[in-house]
Each structure stands twice: as C-alpha cells, then as structure tokens.
Amino acid sequence: MQSLKAGHLDASRWERRLQKELMSLMKEPPPGVEVDGDQAEQNLSLWTVHMKGAEGTLYEGESFQLQFKFSPKYPFDSPEVTFIGSNIPVHPHVYSNGHICLSILTDDWSPALSVQSVCLSIVSMLSSCKEKKRPPDNSFYVKTCNKNPKKTKWWYHDDSV
Amino acid sequence: MSDSTETDENNKYNPGENQDDLILQQHRKIEKEISESIALIGNKEALSSLESEYSDDDIYRQKVQDLSNKYKSVRRTRPDGNCFFRAFAFAYLESLLDNQQEFAKFKDTKNCSIRGGVNLGFPQFTLEDFHDTFMEVVNVVGNGPSACDELYKLFNNSGYSDYVVVYLRLIASGQLQKEAEFYQNFIEGCRSVLDFCHQEVEPMFKESDHIHIIALSSALNVGVRVRYMDRGDSSEVIAHDFPEGSKVAVHLLYRPGHYDILYPSTS
C-alpha cells in the first residue's frame, strides 16, 4: 500500500514537471528552437524538438530534429536525447546515428536542469564548432553501440570544441 | 569440473559483445543490491553494532571503542553518493523536532536562501519544485517530537528524500559560487568553481568532500562535526568541525567514501 502511494505521487509529480517544461518551452523557446507541442501533449514521455542552425555559424540555413525520451524516473534520470531524421549535424561530438557526446546528458545531469537547458547546450555546442567533421571513432561506434546513447560509457573529450 | 570450465568461458573477453553494456549491467546490479539491502535512512542502532563489523581488525576495534565513549548510537544511510546530504538533512531536522525556537529561525532564513542569492542558471520552475518539496518536508518538523516517525518515513520515500538532496546540493552550489574566490583554493587542477559545481555538486550521486561540507554548513549556518574513522595510527577518532569553531548541531561518522549519523552520549 505504502509503495503504491509513493508510485502514484511520483507519477503525478512527473507529469506536472513535464507539463511545466512543455509550457515554458512553448512560451519562451530559445532562438531557433521549436517543440512539437501537439505530439508532446499526446505522449509526455516522447518529444520532438526542431532546431535551426544559428546565423553566422557553420550550420546556418540547416534544420535538425531532436528526440527527447523521458523515463518514469525523470528528472532524476536524464532525458535520452538524440538527433533524428534525415539531417544529422556533422559535428565532432555528434555521431552519424544521432547520438550526442555531451556531459550534461549523462554524468553531469542535474535534476534542476531542463529540456530548455539541454536545448541551449546543444545550440551552443553547434554554434562554437569551427570545423564540420564526424567524431574520429564514428564508424566503429555506430556499428557497436547500444540503441540507447545513455548506455554508452562516454569519454568526454574537450567540451569547448 | 565442467561447471567451472563453463564459467571460465563466460568470463572470457568477447570482442563481439558490447563492453559498455556489460559494465552498466554490473553497475545496475550493484545499485539494485544496495537499494534492496540498505534503507535511505536506517533505524537508530546502538553504537556497539559497529563492533561486529570489525571483529578481526585491531585498529578499527580500538577506534570503535573510542567512539563509544562519546556516542551512544548510530544511524546508517544508504551509500549512494548522496549520503552526506541525506544524513545532514535528516540529522539536522531531527534535532530541530525538540528545538522549535531554532526551527523557527531556520525556517525563516531557509525560505529565501537560493532565490535571494546567486543566479545558478537553472530555470525558475525547477528551482521552485525542489524548494517547495523541501519546505514540505521541513514543515513537518513544526509538529514537534511526535513527528519523528513521519520525518523518518519521508526520508525513506525517494519522492521526498531525493528532492531534499537536490535542494541541498543547489544551496551548496550557490554558496560555492557566491564565494568562488575563497573556494577556488580547495579545487585541485585547473577546474573553475563553476565547472566544479556543475560536475561534482549539482548532479545526484556525486560524493561529497570537505568542500561540499564547508559550503553547505556555512550556507545554512549549521555546525557539523565529522568523526573520521580511518587507518591512521591514533586510537582516537579525529574530529573536524565545519565551519570551524561553530556550535555543533549535526554529528557524522565518516568511513572512507561514506557518511552515517552519530548521536552523542550526553544528549
């Protein structure tokens, strides 16, 4: 009985938190970011976010899609975030299967971060890129990795790239 | 015989298998075992319960002996990397149950702690979520000594307990950033205080060091005495008070990598 109650409490908190995040992302999206609100309303655990390459960067004029998956333990578990669709940005921290090597998505995730913070980090990661290329281990990684990027033990390279 | 050969086969490195998967599977198995066997906050036990852990170890036996002159009981916490924050929160709030005057003061300074302070760069609504749940737990203390069971239950419900841990981590991070110049001296290598906060303070499950303890105890103005039980020669268990010279409200036992709660004999 006790655990049932606790489970229920967690479920309503989970929903309230994601609803708040969705509202905030729809009302005040970071520049170039747009969440598919209808899809998220129907299934709060799976969101698609559209992202435009910022002006004056190597990705200007390009459009990308990000997928966010939220486990029942969100926000204590980080969201699972990948690029999806036909255009995966060519970037030293983005694998051609859409997986992203970014520390706040695993080791440095804090429950006080949000979808919005993740979007901002990804925009800034793309914007600071000086040369479009894939990670050096791309072909090996893409062949051997798990479908879920959170199951990779990431070795974070230089975050400033 | 055939059994052991089979096991050897299974343990061989197989390049076709995903090693990351195996490592993570093992981590999860260990985490599951820990969470099934050790409560987030345990029951109060007589200090002598520590003795049985060290029956073959003279150095530690002497130290337990020394501890038992000063403390009467111990409360174990789950070793999940959050133990300092969780132990601190429980021990302090428990001590306030029969000190309502102090509680009123604490509640007052609490209400505005992060909001009035540093901008941590987190969205306001996530901060509010953690603050509100933290205050829900804190307010239980207002019911006085009879609320001890309720406090214990809340701390063993991760839906509350983990919110408290996150909030204290944010308070510690705010303190570190507010006095970044001072705390920079404690950080090894060339990491900035901000990076340190993002990597070692704000995320869950990251273990606490002196710097976390100094930051949190200074931010809340709550004195912590940590008893260090290690392999050092002295038969006495060394104590450190944070912040130095403060009135001690929380007593913790440190054994490498882990904090539990201690209760002094006099109180």
Side-chain angles (χ1 to χ4, degrees), chain A residues 2-3 5-14 16-25 27-28 30 72-78 99 103-121 140-141 143-156 159-160, chain B residues 15-28 40 80-82 114 120-134 136 153-154 156-174 191 194-206:
Chain A
Q2 193 63 37
S3 65
K5 267 204 242 157
H8 180 71
L9 172 84
D10 288 351
S12 67
R13 282 236 177 86
W14 180 88
R16 204 176 60 202
R17 159 88 184 229
L18 283 170
Q19 285 286 4
K20 273 196 201 169
E21 294 217 33
L22 187 59
M23 292 298 288
S24 132
L25 198 58
K27 264 200 228 145
E28 298 161 355
K73 284 193 187 157
Y74 184 78
F76 292 93
D77 263 1
S78 60
H99 288 192
S103 60
I104 63 162
L105 294 178
T106 49
D107 280 15
D108 296 350
W109 169 257
S110 154
L113 290 167
S114 65
V115 176
Q116 189 147 350
S117 338
V118 171
C119 289
L120 281 169
S121 286
F140 178 76
Y141 175 77
K143 260 186 271 168
T144 57
C145 70
N146 190 292
K147 264 203 310 212
N148 178 354
K150 288 176 64 183
K151 295 195 172 163
T152 299
K153 291 291 285 175
W154 294 104
W155 177 266
Y156 296 105
D159 262 352
S160 64
Chain B
E17 254 176 314
N18 185 323
Q19 296 299 307
D20 282 352
D21 265 4
L22 295 179
I23 292 169
L24 281 159
Q25 268 170 27
Q26 172 132 34
H27 278 184
R28 268 195 297 271
L40 291 171
D80 62 358
N82 293 319
I114 300 185
L120 291 176
F122 289 113
Q124 193 58 39
F125 69 86
T126 62
L127 294 182
E128 275 169 13
D129 253 10
F130 292 106
H131 174 264
D132 293 350
T133 308
F134 176 73
E136 257 183 77
K153 272 188 200 143
L154 290 178
N156 277 301
N157 176 346
S158 57
Y160 287 98
S161 206
D162 287 349
Y163 276 72
V164 170
V165 169
V166 171
Y167 196 66
L168 292 187
R169 285 182 175 277
L170 297 176
I171 290 178
S173 176
R191 254 200 286 193
L194 192 61
D195 284 346
F196 182 84
C197 288
H198 290 338
Q199 292 163 3
E200 308 294 341
V201 185
E202 292 160 3
M204 291 290 275
F205 313 116
K206 298 285 177 91

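Just so it is clear: chains get the letters A, B, ... in the order the sequence lines come, proteins before strands, and each one is counted from 1. A quick note: this is a predicted structure, and the numbers were derived from the prediction, not measured.
- Using a 4.5 Å cut-off between heavy atoms, B/Phe130 contacts chain A through its side chain alone, with no backbone atom that close.
- A donor-acceptor pair under 3.5 Å is absent between the side-chain atoms of A/Ser110 and the main chain of B/Pro203, judged by distance alone.
- A heavy-atom distance below 4.5 Å is not found between the side chains of B/Met204 and A/Trp109.
- No cation-pi contact links A/Arg17 to B/Phe125, judged by a cut-off of 6.0 Å to the six-membered ring centre and 45° from its axis.
- With rounding to the nearest 0.5 angstrom, the NE2 atom of B/His198 is 8.0 Å from the CG atom of A/Leu113.
- Taking 4.5 Å as the limit, some side-chain heavy atom of A/Arg16 sits within range of a side-chain heavy atom of B/Asp129.
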* To do: Under the salt bridge (Lys or Arg N to Asp or Glu O under 4.0 Å) rule, what do B/Asp162 and A/Lys73 come out as? Steps first, then yes or no, please.
  => CA-CA 11 Å; B/Asp162 287 349; A/Lys73 284 193 187 157; over 6 Å; no
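- Within the 4.5 angstrom heavy-atom criterion, no atom of A/Lys143 approaches chain B.
- In this structure a side-chain-to-backbone donor-acceptor pair under 3.5 Å is missing from A/Lys20 to B/Thr126.
- If you look at A/Phe76 and B/Phe205, their ring centroids are not closer than 6.0 Å.
- Residues B/Gln199 and A/Asp108 meet the side-chain proximity criterion, which asks for heavy atoms closer than 4.5 Å.
- Proximity of A/Ile104 to B/Glu202: side-chain heavy atoms (C-beta onward) are nowhere separated by under 4.5 Å.
- At a 4.5 Å heavy-atom cutoff, the contact between A/Thr144 and chain B is made by backbone atoms alone.
- Contact of A/Ser24 with chain B is made through the side chain alone, with heavy-atom distances under 4.5 Å.
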